[in-house]
Amino acid sequence: MAGSRLPRQLFLQGVAAVFMFAFASLYTQIPGEGTQGGTPPASARDPMSSFLCARHSRSPGLGVRARPWRGVGGGGSCPAGRCGGRKVCGDPFPVRLWTLTWGGGQNSERGGREASSQTWWDRDWLPGRAGGPAEASLPPQGGPPGQAGRGPAPRRPPLLAALTYHYETQCLPTPAAWFAHHLPVWLHKLSVVATFLIEIAVPPLFFAPIRRLRLAAFYSQVLLQVLIIITGNYNFFNLMTLVLTTALLDDQHLAAEPGHGSRKKTATSWPKALLATLSLLLELAVYGLLAYGTVHYFGLEVDWQQRTIHSRTTFTFHQFSQWLKTLTLPTVWLGVASLVWELLSALWRWTQVRGWLRKLSAVVQLSLVGTATVALFLISLVPYSYVEPGTHGRLWTGAHRLFGAVEHLQLANSYGLFRRMTGLGGRPEVVLEGSYDGHHWTEIEFMYKPGNLSRPPPVVVPHQPRLDWQMWFAALGPHTHSPWFTSLVLRLLQGKEPVIRLVQSQVARYPFHKQPPTYVRAQRYKYWFSQPGEQGQWWRRQWVEEFFPSVSLGDPTLETLLRQFGLQEKSPPRTRSANSTLAQALHWTRSQLSPLEAPALLWGLLMAVGAVRFVQALLAPCSLRSSPLAPVSGEKRRPASQKDSGAASEQATAAPNPCSSSSRTTRRKK
């Protein structure tokens with residue numbers, strides 16, 4: 001069996017890189033967001049937020065809870081865990097991707113109280129039910145309705161039509177999303193089918209006993225995650241998924257095992273040949289089963305005349321529910337079997353340890369790590385079983401008790417899936433405006449969210465611009481559902497530079513950098529990607545309504561909102577002493593880095609780490625680098641005469657450089 005030394009190193013370094021991205025991204029935003037422990041008061045909780053929990057603090061920022069480790073630890077890609085007691089954030093492509101066609105997109109939710117009143121599947125969208133939407137009744141792809149926000153609500157999209165809206169309506173599109181949005185509709189539907197295949201049917205192959213099946217599962221996941229990274233800015237979410245999939249690799253595949261490429265083919269015994277043939281047949285059967293299931297359940301048909309592939313679902317909601325109920329519990333037992341196998345393998349390796357002291361040290365490590373692994377596995381079963389209520393009720397009660405005891409630590413999180421498709425009538429966007437006289441208004445453009453129609457969507461991976469993400473959620477409902485927005489308006493009126501840097505890292509680009517605006521208001525627009533041929537335009541937009549009224553400092557409306565959400569300042573900010581050398585050094589470092597845009601800073605940090613690792617590899621002792629490629633212990637014992645006769649020449653050759661090519665050549669000739 002191939003080893004796992006290199007994949008283990010790759011996994012640990014990948015996790016370290018994700019943590020570095022998460023905390024470095026937060027580092028650039030802490031002054032503007034503010035930090036404060038504890039949970040925001042109930043009046044300040046934002047049921048639509050997935051990243052920021054607004055709370056007015058004594059710092060000059062927005063008073064945001066910032067816990068980046070929730071995005072990289074435990075069992076979920078959730079940078080804020082729960083906000084306001086509601087699970088509303090999630091991985092853009094979680095395993096339970098069934099709701100991608102029901103909810104229409106991986107990053108959309110009606111949010112707020114409306115979403116909480118819905119079941120996690122909106123059954124009116126399902127096949128086999130009366131009143132389901134017809135494909136012909138949909139508005140043209142990407143086109144605005146006659147009166148945006150005024151006419152009747154658009155019909156819900158048909159099944160498999162999610163990607164015809166997703167690229168345009170996701171939180172932060174990339175330039176590639178514009179091109180993907182204009183792909184043919186049949187290709188969008190086929191992409192959803194491929195997503196189902198990769199995220200639902202392929203993951204069980206992670207546990208396959210055949211190595212090639214595991215590698216095929218690995219590369220399918222890599223393909224999907226890379227495509228998501230190209231078409232959407234999901235910060236470090238997809239990078240974390242890629243890191244997790246490295247567990248499917250081995251040393252042989254990564255060319256880490258010596259001699260496997262030049263190993264001579266030798267005759268194998270008939271049992272091994274029979275086993276290899278059976279493995280190949282089983283592998284072909286799995287591929288055939290996946291192909292048949294995809295064609296059968298999604299009704300794939302090739303139209304040779306139009307050169308397209310038509311797809312549609314051929315199963316009902318009831319059939320899928322039964323399938324989910326049948327398979328969820330066996331997947332739990334599959335995980336149990338995999339964990340038991342790993343524990344038994346570790347126990348077997350412990351029995352091979354020589355020496356009582358090393359054996360004692362190994363058993364202590366095995367006990368601690370094994371106990372922690374089993375406990376974390378049991379904890380993760382509870383949120384995993386949320387996908388199927390019957391399985392959740394049949395879980396061992398001890399797992400429920402253990403999960404309840406440590407739930408506040410967020411060791412394992414469930415994915416709060418986006419239940420509904422947004423942006424069917426256009427992508428809602430909130431545009432802030434400032435003015436000195438209340439008559440002439442200037443738009444306040446953010447660094448990353450859509451605003452300027454001629455500016456291309458940015459690429460910000462692996463940065464997580466929390467305020468820009470929050471603006472997307474705020475646009476889905478009234479501003480009263482986003483109390484933090486009132487705090488943002490107040491800070492802009494006060495001209496707080498840390499908050500301004502959340503909008504524009506280079507303060508000179510902020511239109512009111514010389515003097516804070518006297519008035520601030522916000523408008524809601526509907527945005528659409530521009531059509532091919534519109535030169536110099538990436539977006540089109542249409543005004544919908546006023547989102548936030550025009551206010552100024554001391555305005556009764558603003559004071560009422562601050563008091564309503566419990567955001568009024570109760571005491572002046574406390575000044576902190578910066579006399580220590582460390583505090584001054586940290587302040588100087590931040591002042592030098594603050595003008596840089598966060599994505600450039602993060603990639604620069606990664607390149608610096610890579611350069612350090614490269615130099616370390618160059619300066620490493622040659623003997624350490626060459627030892628895996630030329631192990632001495634495995635060589636056969638040479639005859640004494642040959643050993644004696646070649647000792648002098650070997651020493652003379654090896655003396656100048658123990659790992660020179662000449663010394664290795666001399667040893668090979670012998």
Asks: Would you name the heavy atoms of R214 and A208 that are closest together and state the gap between them?
Replies: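 Closest pair (atom of R214, atom of A208, distance): NH1-O, 2.8 Å.
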Asks: Are any side-chain N or O atoms of W603 and backbone N or O atoms of A598, one a donor and one an acceptor, separated by less than 3.5 Å?
Replies: no
Asks: For a ring pair (Phe, Tyr, Trp, His ring centres under 6.0 Å) check, start with the C-alpha distance between F403 and H408, then their side-chain angles and the critical distance, and finish with the verdict.
Replies: CA-CA 9 Å; F403 176 79; H408 64 285; over 10 Å; no
Asks: Quick one: closest heavy-atom pair of H181 and T164, and the distance?
Replies: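 Result for this residue pair: CE1-O, 3.3 Å.
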Asks: Tell me whether S25 contacts the main-chain N or O of A22 through its side chain, where contact means a donor paired with an acceptor under 3.5 Å.
Replies: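 Side chain of S25 to backbone of A22, a donor-acceptor pair under 3.5 Å: no, none is there.
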Asks: Look only at the side chain of W472 and the backbone of T169, and say whether a donor-acceptor pair between them is shorter than 3.5 Å.
Replies: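 Checked: pair present.
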Asks: For a ring pair (Phe, Tyr, Trp, His ring centres under 6.0 Å) check, start with the C-alpha distance between H463 and F21, then their side-chain angles and the critical distance, and finish with the verdict.
Replies: CA-CA 7 Å; H463 176 51; F21 287 141; over 10 Å; no
Asks: Is there a donor-acceptor pair closer than 3.5 Å between any side-chain N or O of S338 and the backbone N or O of L334?
Replies: no
Asks: Which pairs pass salt bridge (charged side-chain N to carboxylate O under 4.0 Å, His left out) with one or both residues in residues 278-299, sequence neighbours excluded?
Replies: R212-E283
Asks: Go through L239 and F237 one step at a time and tell me if the side-chain contact (heavy atoms from CB on, under 4.5 Å) criterion holds.
Replies: CA-CA 5 Å; L239 299 178; F237 285 175; over 6 Å; no
Asks: For the backbone of Y167 and the side chain of Q170, can you confirm whether one donor and one acceptor N or O come within less than 3.5 Å of each other?
Replies: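 It does hold such a pair.
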Asks: Quick one: does S361's side chain have a donor or acceptor within less than 3.5 Å of a partner on L357's backbone?
Replies: no
Asks: Under 3.5 Å, side chain of N233 to main-chain N/O of P173, donor-acceptor pair present?
Replies: yes
Asks: Look at the aromatic rings of Y234 and W469 and report parallel, tilted or perpendicular, splitting at 30° and 60°.
Replies: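 Y234 vs W469 ring planes: perpendicular.
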Asks: Might you work through the side-chain contact (heavy atoms from CB on, under 4.5 Å) test for L10 and V243, ending with a clear yes or no?
Replies: CA-CA 8 Å; L10 192 61; V243 170; over 6 Å; no
Asks: Would you say Y297 has more than 12 foreign heavy atoms packed within less than 6.0 Å of its OH?
Replies: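 Open: at most 12 neighbouring heavy atoms sit under 6.0 Å from OH of Y297.
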Asks: Would you tell me whether Y384 and T331 have side-chain atoms, one donor and one acceptor, within less than 3.5 Å of each other?
Replies: yes
Asks: Has T328 got a side-chain atom pairing as donor or acceptor with V387's backbone, closer than 3.5 angstrom?
Replies: no
Asks: Under 4.5 Å between any side-chain heavy atoms of V461 and N235, yes or no?
Replies: no
Asks: Centre-to-centre under 6.0 Å for H188 and H166, is that the case here?
Replies: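 No: the rings miss the under 6.0 Å criterion.
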Asks: Is there side-chain contact between T28 and L601, with at least one heavy-atom pair below 4.5 Å?
Replies: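 Sidechains of L601 and T28: in contact.
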Asks: Minimum heavy-atom separation for I198 to Q221, with atom names?
Replies: O-NE2, 2.8 Å
Asks: T231 versus F179: any side-chain heavy-atom pair under 4.5 Å?
Replies: no
Asks: For a quick test of reading the model, state the closest non-hydrogen atom pair linking Y27 to L593 and the distance between them.
Replies: CE2-CD1, 4.1 Å
Asks: Please name the pair of heavy atoms, one in L190 and one in S311, separated by the smallest distance, quoted to 0.1 Å.
Replies: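 Nearest pair, atom of L190 first, then S311: N-OG, 4.1 Å.
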Asks: How far apart are the closest heavy atoms of W350 and A362, and which atoms are they?
Replies: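 That would be CD1-CB, 3.5 Å.
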Asks: Are N238 and Q225 close enough that a side-chain donor and a side-chain acceptor fall under 3.5 Å?
Replies: yes
Asks: Kindly indicate, with the supporting measurements, whether the criterion side-chain contact (heavy atoms from CB on, under 4.5 Å) is fulfilled by T313 and F320.
Replies: CA-CA 11 Å; T313 54; F320 179 78; over 6 Å; no
Asks: Please evaluate residues T391 and K325 with respect to the criterion side-chain contact (heavy atoms from CB on, under 4.5 Å), reporting the C-alpha separation (whole Å), side-chain torsions for both, the decisive distance (0.1 Å), and the verdict.
Replies: CA-CA 7 Å; T391 303; K325 185 179 299 184; 5.8 Å; no
Asks: Any side-chain heavy atom of L160 sitting closer than 4.5 Å to one from F298?
Replies: yes
Asks: Within the distance-only criterion (no hydrogens, no angle test), does the side chain of E388 pair as donor or acceptor with the backbone N or O of G390 below 3.5 angstrom?
Replies: yes
Asks: Around atom NZ of K359, are there more than 12 heavy atoms of other residues, nucleotides or ligands at under 6.0 Å?
Replies: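 Check passes, neighbour count above 12.
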Asks: Can you find a heavy atom in the side chain of I210 that is under 4.5 Å from one in the side chain of L282?
Replies: yes
Asks: Please check if the side chain of T314 supplies one atom and the backbone of G299 the other of a donor-acceptor pair under 3.5 Å.
Replies: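 Pair absent, no side-chain N/O of T314 close to backbone of G299.
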